[in-house]
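Taking it in order: structure first as structure tokens, then the write-up.
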Amino acid sequence: MNMQLLSARDPGWTEWADVIVVGSGIAGLTAALRLKDQVERVAVVTKDVLQAGSTQWAQGGIAAALGEGDTPAQHEVDTLVAGAGACDLDAVRVLVGEGAEAVRELIEWGAEFDKDPSGDLSLTREGGHRRDRIAHADGDATGAEIQRALMEAVRRAPEILVFEHAMVVDLLTAADGGVAGLTIHVMGEGDADGVGIVRTRAVVLASGGLGQVFSQTTNPAVATADGMAIALRAGATLRDLEFVQFHPTVMYLGDDSRGQQPLISEAVRGEGAFLVDWDGARLMDGVHELRDLAPRDIVSKAIMKRMLESGRPNMWLDARHLGTPAGRAASDSERVETNTVFWERRFPNILASLRSYGVDPSTDLIPVAPACHYASGGVRTDLWGRSDVPGLYATGEVACSGVHGANRLASNSLLEGLVFSRRIAEVLPGELRQLEDPAPGPGTGRALVPGAALKQLQETMTTKVGVLRNAAGLAEAIEELERLGSVAATEIDPAAWEATNLLTVSLALAKAALLREETRGSHWRDDFAERDDPGFAGHFDLTLRDGEPVATFTPAPATDPLTPTLAGA
Ligand code: SIN
């Protein structure tokens, strides 16, 4: 019996595959499509239906140096600046260097991006980008279009086995510590006893992020940090977990609103919308040279600061002027009409969402507040997606390839999944392990946390490990999380597995955040308000010891990765 593994029922079935891809967003499906002709049997397992992950919710787009005059070097500088000195320069160079080709392949697979009147890709701008380089689809439905195209490509490839409603409980390792299989719970109709084992030679984790750690997030309900927790229990290292990105413009629906909240894409600011406070004053004036298009962490902090100073629960996004060219006089009715036409064409889905909450962006200000959006950290990988566990690869939001540093640049996330999944598919077939016996097998492992603990966990994380952090709050959060972990669940079920995964990752995140005594990127300590170089130029790496997350600090290379790039740009 392995006490690191979660308690689960005895497996009732077995299967095998050469490679199992866990997750079905852009990262997972790209890996499966690229691997299908290279190995005998590829399986994709996903906790819900194929399209339920984060990819389909991505609004803004996918960033790549595709426009005239743009270069990977310029994309690199913007990525490094946003990453606040914590990016891995080699990884960033891979991302920006291979990005354009990867997007072209996506187009060949059937993804249709918006075009301008001359037939070229229509590119827009988002926070932190100094150029228009974001390709988008159906205005504001980029992720949904990519998901559609990839799912259709997978359906045209019946050799890819797809298991929906299949939750991975644990990764099983062989005697040498490498991958041997997965325990999977298939959530069939009313079938409460669907645990089985799939033996495999390699696992590609592409299971997304950890948004459900917090009370409000832009992530869907399936984002329960499972991949990170599974990897940790299998002996992998998590890196940069404290760098959780809070998106500045998430629609504020009231303090009691929980779970996935409506995102108002940064591309709306890219088209000219701006933030104002309750007195109507422009919020980003004097804060950053890029004003409303400053990197995301800076905009989120400016909003939070003004919320705290004014005691208000939200700020406002003003997009009433969009569609009317600057300087052109228009009557109010003309402006409203032009604005509505603009919204219907450029942001039809966000418009529908706003209207469903009774907000008309041509006449109303949009209430916004920051909410959890993206985990910049995750399973530590090398430039080919390899984790520390032989046969375990990670890609997309679950991974920490080093491209995001302390704050991901807007629209680099879809690109990361695409680029690094292609790389994994290049090396994995040549590195396939033998099919090994899991040792030791699953059994009555670690006690589970009840699903009912989740609300308290999310409240603790939101109030004490959220946008604004300090030592006292973080220490209290760790104590509270440990207390939640001491109450064992009486049921073994998916809700308890998810809650246990969320607790493990929350504890790791809070511990790393407590140790990082500086403010950098999306990690904001009000008791250590400055960035501390060289003190914290490096990474907190987290592993499990006796079931508890333990952090160690790995210093960054002596040269700040920004210096040579900026000097040469
Ligand atoms: C957005 O559309 O604002 C989100 C894009 C991203 O997270 O990169």
Side-chain angles (χ1 to χ4, degrees), residues 25-27 53-64 75 78-79 82-83 95-96 99 103 113-114 122-129 131-147 208-211 217-220 223 243-251 260-275 290 292-300 303 317 319 322 343 346-351 353-354 361 366 368-376 378 396-397 403-405 407-419 521-522:
I26 188 170
S54 294
T55 294
Q56 70 146 349
W57 294 98
Q59 295 177 346
I62 185 161
H75 188 185
D78 290 348
T79 300
L95 180 82
V96 300
V103 172
F113 291 96
D114 296 335
S122 163
L123 300 172
T124 191
R125 194 173 295 212
E126 290 184 283
H129 291 272
R131 279 204 171 259
D132 292 350
R133 66 165 71 94
I134 319 290
H136 48 87
D138 294 334
D140 56 2
T142 313
E145 169 57 14
I146 291 173
Q147 186 74 33
L210 51 63
T217 173
T218 59
N219 294 186
F243 297 126
V244 178
Q245 183 170 81
F246 286 76
H247 196 291
T249 53
V250 179
M251 191 177 177
Q260 187 177 14
Q261 311 290 305
L263 174 67
I264 312 296
S265 174
E266 212 157 79
V268 177
R269 276 174 285 133
E271 298 287 351
F274 52 81
L275 289 154
L290 295 175
D292 293 89
L293 286 177
R296 203 167 273 179
D297 60 312
I298 291 168
V299 184
S300 285
I303 295 178
L317 187 66
L322 300 190
W343 273 93
R346 185 63 184 84
F347 300 115
N349 296 292
I350 302 175
L351 178 64
S353 163
L354 288 170
I366 304 166
V368 290
C372 169
H373 184 58
Y374 192 85
S376 295
E397 189 172 357
V403 297
H404 304 311
N407 178 48
R408 174 177 66 83
L409 183 67
S411 287
N412 266 357
S413 49
L414 294 173
L415 189 70
E416 184 198 23
L418 195 59
V419 166
S522 53

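Start at 1 with the first residue, then count along the sequence. The figures that follow rest on heavy atoms only: side chains count, while hydrogens, waters and symmetry mates do not. One-based numbering, in listed order, for ligands and for the atoms of each.
- Within ligand 1, counting atoms from 1 as listed, the ones closer than 4.0 Å to a heavy atom of His373 are 4 (C), 6 (C), 7 (O).
- Here Glu266 contributes atom CD and His373 contributes atom NE2; the two are 8.0 Å apart, rounded to the nearest 0.5 Å.
- Residue nearest to atom 5 (C) of ligand 1, selected from Gln245, Gln59, His247, Arg296: Arg296 (by heavy-atom distance).
- Under the ring-ring contact (aromatic ring centres under 6.0 Å, His included) criterion, Phe113 pairs with no residue at all, not counting sequence neighbours.
- Aromatic ring centres of Tyr374 and His247 lie farther apart than the 6.0 Å criterion allows.
- Scanning all protein heavy atoms for the shortest distance to atom 2 (O) of ligand 1 gives Ser265 OG, 2.7 Å.
- Listed by number with element, the atoms of ligand 1 under 4.0 Å from a non-hydrogen atom of Gly60 are 2 (O).
- Remark: ligand 1 atoms within the under-4.0 Å shell around heavy atoms of Glu266 are 1 (C), 2 (O), 3 (O).
- Taking every non-hydrogen atom of Ala410 and a distance limit under 4.0 Å, the qualifying atoms of ligand 1 come out as 8 (O).
- With respect to the salt-bridge test (charged N to carboxylate O, under 4.0 angstrom), the residues Asp78 and Arg131 do not qualify.
- Between the side chain of Gln261 and the main chain of Val250, no donor-acceptor pair closer than 3.5 Å is present.
- Near Glu126, with a cut-off below 4.0 Å to any heavy atom, the atoms of ligand 1 are 1 (C), 2 (O), 3 (O), 5 (C).
- The structure places CG of Leu123 at 8.5 Å from CD1 of Ile134, a figure rounded to the nearest 0.5 Å.
- Shown in contact with Ser411 at under 4.0 Å from a heavy atom are these atoms of ligand 1, numbered in order with element: 6 (C), 8 (O).
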